[in-house]
Novice: 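Next up is a structure, given as structure tokens.
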Protein chains: 2
Amino acid sequence: MSDNKNIRIKDIAEMAGVSVGTVDRVIHKRGKVAEEVRKKVENVLQSTGYKPNLLARTLGSKKALKIALLIPDPKQDEYWALAESGVKPSLEEWSQYGLEIAPNFFDLYESTSFATSAKEVLSSKPDGVIVAPIFHNESLNLFAELDRDQIPYVLFNTNIPEAQPLSFIGQDLYQSGKVGGELLSLDNTEKKGVAVFHIHESIDNSVHLKAKETGLRDFLGTAYDIESYDLNHVNSGELNQIVSKILHQSDLGAAFVSTSQGTNIIATLMEKHNCTHIKLVGYDLLAANLHYLEKGVINFLINQNPKRMTQVGISHLTNHLLFHKELPREELFPLEIISKQNVGSYLNSRIH
Amino acid sequence: MSDNKNIRIKDIAEMAGVSVGTVDRVIHKRGKVAEEVRKKVENVLQSTGYKPNLLARTLGSKKALKIALLIPDPKQDEYWALAESGVKPSLEEWSQYGLEIAPNFFDLYESTSFATSAKEVLSSKPDGVIVAPIFHNESLNLFAELDRDQIPYVLFNTNIPEAQPLSFIGQDLYQSGKVGGELLSLDNTEKKGVAVFHIHESIDNSVHLKAKETGLRDFLGTAYDIESYDLNHVNSGELNQIVSKILHQSDLGAAFVSTSQGTNIIATLMEKHNCTHIKLVGYDLLAANLHYLEKGVINFLINQNPKRMTQVGISHLTNHLLFHKELPREELFPLEIISKQNVGSYLNSRIH
DNA sequence: CTGAAAGCGCTAACAC
DNA sequence: GTGTTAGCGCTTTCAG
């Protein structure tokens, strides 16, 4: 339609009566520019609605971006393996813009390990970092240092209210719990007992799991008898004992598990103890979870989409670093309901 | 790690003892090149594993891409308004690469209108077209012409097996019906009557709606008494009559509507006739559907995500045209289950 | 048939 | 402080 020929830096320069060098300086706030000249250029920039050509920009500047990823060891927990799997496609997308991604892993069960890895990240002098801040205090330390070094960072999976990241990427945990409640209440069985299992590795996470539980309770209301259990999955013998007892309560109709690993742990025990009549809702598309979903032991999974979370995190950070894009303070993912019948469509889809 | 300095055309030229112009010619098979020279250059290309720099490529060639979009009039049907809404974000993403999108609309109820619009598309000589081939025969005509003119095209929403598009973007309709059945069967009410409503505008679409029905039937099996109704929504008075009678059958426990508009039409009638106890599963996040989902008249919506479909279509076509990317023959979207509790997380999410 | 050279829009080094 | 200019890697004339 409108022969909206793209405005170039050169055009801006002419209109403002300066050189391209000066325009470049005010755009990037680098070097020195006389105050009145800057004003004039900024005006022209504004009024023309100038948009830089990213191709030319990237082509013209040869420096490579290095962004660090700090997550739990993928070998320890499949959830984090999924998260890590987002690195490859991101690299494919961004490597032609000269992006490098350095993954750093820490031990899910050791806060000291987080601190150590954080140090390594810092000393590698990255241009930006994307981190899953599993350990609260250690994370705050890291953020302080990143702030000091002016290194931008993006949080994902776990939010930390005290932090000031470029962006947080994750889900609304409270609403997630509500969805869980909704799914559990679908079959209006007479049995109104609901067991909530928090099976976690680090105590730091409890607060986030509790948010899910609150959502669940708020949705279900007083008509249900909800009991919650805080368990540590390290001691599996003991776990078996405890869970077995809970599952055999005569009025138990449903179970909600707040973690992805926990989901298949409970599913396994349910099957072992022949309690597959109890409705089960849990999290994420781990292989074991898919197995039990297929078998009907798990009724629904809520997908947190860790892979996509790292992709979006990397993409956001890169966009910020490369193209100075504004990022949303929060990027909340949809609460995807996964059932036996639609799970295939998720697994087969590449656009997801 | 490996200081894999990118190989440029210039390097290839030197290694083959020719000029960059010649290398460019063999890469793009344009112009004339002596057979032996071509061989030599191709060898070097192979052995070095040369990968062109897409940024430079696009920057260097100033021609603008024009892609045509051919869909039903957004004013006629909110579903298509959603589809059209994908144009804007796509343009924002790709306009800097010199992309132009020309939307062409046709009348959902008039196959001749499709033919007319198709002609217009053709005469605008686009570089590629993305089309919702609602009318079967007219679409085949269009494809024949596009094939002849060597204009690549992408199908979306509706697949046409006889066509050979670059890519089809949509959903697995049969599996979609299965998800519908799964959702309807969740509350195991005693009433086993299920009504399937196909409320469509063009008869061409029937075959696709039937695919959903087959999925539904295959999932529910013989335990349910399934009756299906083919209705045309043009005559709303008559529709009211018919549907009212169906809804008041004493054993009716659930209804499945195969179209997005149909979903809120049935919901409206259900509310009007006080039949909100009947479970209702339908399609898509139209405003009216959201309203009835919120009210509890609709139990679940399956999201076809028309907006994202056009975005992906445009993105695919552009990637093909600009960067010669290989496209997947089929891009099947996940079958998203939308409930009262997770709908907000979808509406609020930008990454979706 | 082939080579040389002028861009594409932006960055960054250098000169004044 | 500001202007000039040489690239970035590729495409596209234009000669010959």
Novice: Determine which pairs satisfy salt bridge (charged side-chain N to carboxylate O under 4.0 Å, His left out) with at least one residue from residues 147-167 of chain B, sequence neighbours left out, and list them in order.
Specialist: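 Sorted result for residues 147-167 of chain B: B:Glu145-B:Arg148.
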
Novice: Can you tell me which nucleotide in D:dT11, C:dG3, D:dT2 comes closest to the side chain of A:Ser19?
Specialist: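 Looking only at heavy atoms from C-beta outward on A:Ser19, the closest nucleotide is D:dT2.
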
Novice: Could you check how far CD1 of A:Ile12 sits from C1' of D:dG3, rounded to whole Å?
Specialist: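 Computing the A:Ile12:CD1 to D:dG3:C1' distance gives 17 Å.
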
Novice: Taking side-chain contact (heavy atoms from CB on, under 4.5 Å) as the definition, give me every residue that meets it alongside B:Leu332, ordered by chain and number, with sequence neighbours left out.
Specialist: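 With sequence neighbours excluded, B:Leu332 shows a side-chain contact (heavy atoms from CB on, under 4.5 Å) to B:Phe168, B:Asp172, B:Glu330, given in chain and number order.
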
Novice: For residues 25-32 of chain A, which residues have at least one heavy atom under 4.0 Å from DNA chain D?
Specialist: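 Listed by number, they are A:Arg25, A:Lys32.
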
Novice: Reading DNA chain C from 5' onward, which residue's closest nucleotide shows up sooner: B:Val18 or B:Ala56?
Specialist: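 Closer to the 5' end of DNA chain C: B:Val18.
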
Novice: Rounding to an integer number of Å, can you tell me how far B:Arg57 CZ sits from D:dC8 P?
Specialist: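 One finds 19 Å between P of D:dC8 and CZ of B:Arg57, rounded.
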
Novice: Report yes if some heavy atom in the side chain of B:Tyr346 is under 4.5 Å from a heavy atom in the side chain of B:Glu336; otherwise report no.
Specialist: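 Yes, side chains in contact.
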
Novice: Over how many whole Å does the gap from A:Leu59 atom CG to D:dC8 atom C1' extend?
Specialist: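 These atoms are roughly 4 Å apart.
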
Novice: I'd like to check the ring pair (Phe, Tyr, Trp, His ring centres under 6.0 Å) partners of B:Tyr153; sequence neighbours left out, ordered by chain and number.
Specialist: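 B:Tyr153: ring pair (Phe, Tyr, Trp, His ring centres under 6.0 Å) contacts with B:Phe143.
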
Novice: Rounded to the nearest Å, what distance is computed from the CD atom of residue B:Glu35 to the C1' atom of nucleotide C:dC1?
Specialist: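 Rounding to the nearest Å, CD of B:Glu35 and C1' of C:dC1 are 13 Å apart.
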
Novice: It should be established whether A:Tyr50 places a side-chain nitrogen or oxygen under 4.0 Å from OP1 or OP2 of nucleotide C:dG9.
Specialist: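 No.
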
Novice: Using side chain to side chain contact (heavy atoms under 4.5 Å, CB included), reason through B:Leu99 and B:Ile101 one step at a time and then give a plain yes or no.
Specialist: CA-CA 7 Å; B:Leu99 174 70; B:Ile101 302 175; 4.1 Å; yes

Novice: Would you give me the side-chain donor-acceptor pairs under 3.5 Å for residues 313-323 of chain A, sequence neighbours excluded?
Specialist:
from     : atom 1 : to       : atom 2 : distance (Å)
A:His316 : ND1    : A:Val312 : O      : 3.4
A:His316 : NE2    : A:Glu331 : OE2    : 2.7
A:Thr318 : OG1    : A:Ile314 : O      : 2.6
A:Asn319 : ND2    : A:Ser315 : O      : 3.0
A:His320 : ND1    : A:Lys325 : O      : 3.4

Novice: B:Asp127: what forms a salt bridge (Lys or Arg N to Asp or Glu O under 4.0 Å) with it, not counting sequence neighbours?
Specialist: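 Testing B:Asp127 for salt bridge (Lys or Arg N to Asp or Glu O under 4.0 Å), a comparison that skips the adjacent residues, returns none.
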
Novice: Closest approach to the side chain of B:Ile9, judged atom by atom: which nucleotide of C:dT11, D:dT11, C:dG9 is it?
Specialist: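 Selected nucleotide: D:dT11.
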
Novice: Nearest whole Å is fine: how far is D:dG3 P from A:Glu14 CD?
Specialist: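 Rounded to the whole Å, the gap is 13 Å.
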
Novice: Using side-chain contact (heavy atoms from CB on, under 4.5 Å) as the criterion, list what pairs up with B:Pro89, not counting sequence neighbours.
Specialist: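 B:Pro89: side-chain contact (heavy atoms from CB on, under 4.5 Å) contacts with B:Lys307, B:Gln311.
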
Novice: At what angle, to 10 degrees, do the two end axes of the helix from C:dC1-D:dG16 to C:dC16-D:dG1 meet, given five pairs define each axis?
Specialist: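 What I find for the helix from C:dC1-D:dG16 to C:dC16-D:dG1 is an axis angle of 50°.
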
Novice: Counting just side-chain N and O atoms, does A:Thr22 come under 4.0 Å of either OP1 or OP2 of D:dG3?
Specialist: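 For D:dG3, OP1 or OP2 has a side-chain N or O of A:Thr22 closer than 4.0 Å.
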
Novice: Where the side chain of A:Ala34 is defined as all heavy atoms beyond and including C-beta, which of D:dT2, D:dC8, D:dC10 is the nearest nucleotide?
Specialist: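 Nucleotide nearest to A:Ala34's side chain: D:dT2.
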
Novice: Choosing from D:dT12, C:dA12, D:dG9, which nucleotide comes nearest the side chain of A:Asp24?
Specialist: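 Nearest to the side chain of A:Asp24 among the choices is C:dA12.
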
Novice: With a 4.0 Å limit, can you tell me whether A:Arg8 has a side-chain N or O closer than that to the phosphate oxygens OP1/OP2 of C:dG9?
Specialist: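 So the side chain of A:Arg8 is within the cut-off, an N or O lying under 4.0 Å from OP1 or OP2 of C:dG9.
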
Novice: For residues 39-47 of chain A, which residues have at least one heavy atom under 4.0 Å from DNA chain C?
Specialist: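 Residues of residues 39-47 of chain A under 4.0 Å from DNA chain C: none.
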
Novice: Report yes if some heavy atom in the side chain of A:Phe333 is under 4.5 Å from a heavy atom in the side chain of A:Ile169; otherwise report no.
Specialist: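 Side-chain contact under 4.5 Å: yes.
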
Novice: Going by the rule side-chain contact (heavy atoms from CB on, under 4.5 Å), which residues pair with B:Ala56 if we only count those two or more places apart in sequence or in a different chain?
Specialist: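 B:Ala56: side-chain contact (heavy atoms from CB on, under 4.5 Å) contacts with A:Leu59, B:Asn53.
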
Novice: A:Ile7 CD1 to C:dG9 P: how many Å, rounded?
Specialist: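 For the pair A:Ile7 CD1 and C:dG9 P, the rounded distance is 12 Å.
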
Novice: Please name all residues satisfying side-chain contact (heavy atoms from CB on, under 4.5 Å) with A:Gln150, sequence neighbours left out, ordered by chain then number.
Specialist: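 Expected list: none.
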
Novice: Could you name each residue pair satisfying side chain to side chain donor-acceptor pair (under 3.5 Å) that touches residues 32-48 of chain A, not counting sequence neighbours?
Specialist: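 Every pair satisfying side chain to side chain donor-acceptor pair (under 3.5 Å) with a residue in residues 32-48 of chain A: there are none.
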
Novice: A:Val20 near the nucleic acid: base, sugar-phosphate alone, or nothing, with a heavy-atom cut-off under 4.0 Å?
Specialist: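 Base: the residue A:Val20, judged by heavy atoms under 4.0 Å, touches a nucleobase.
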
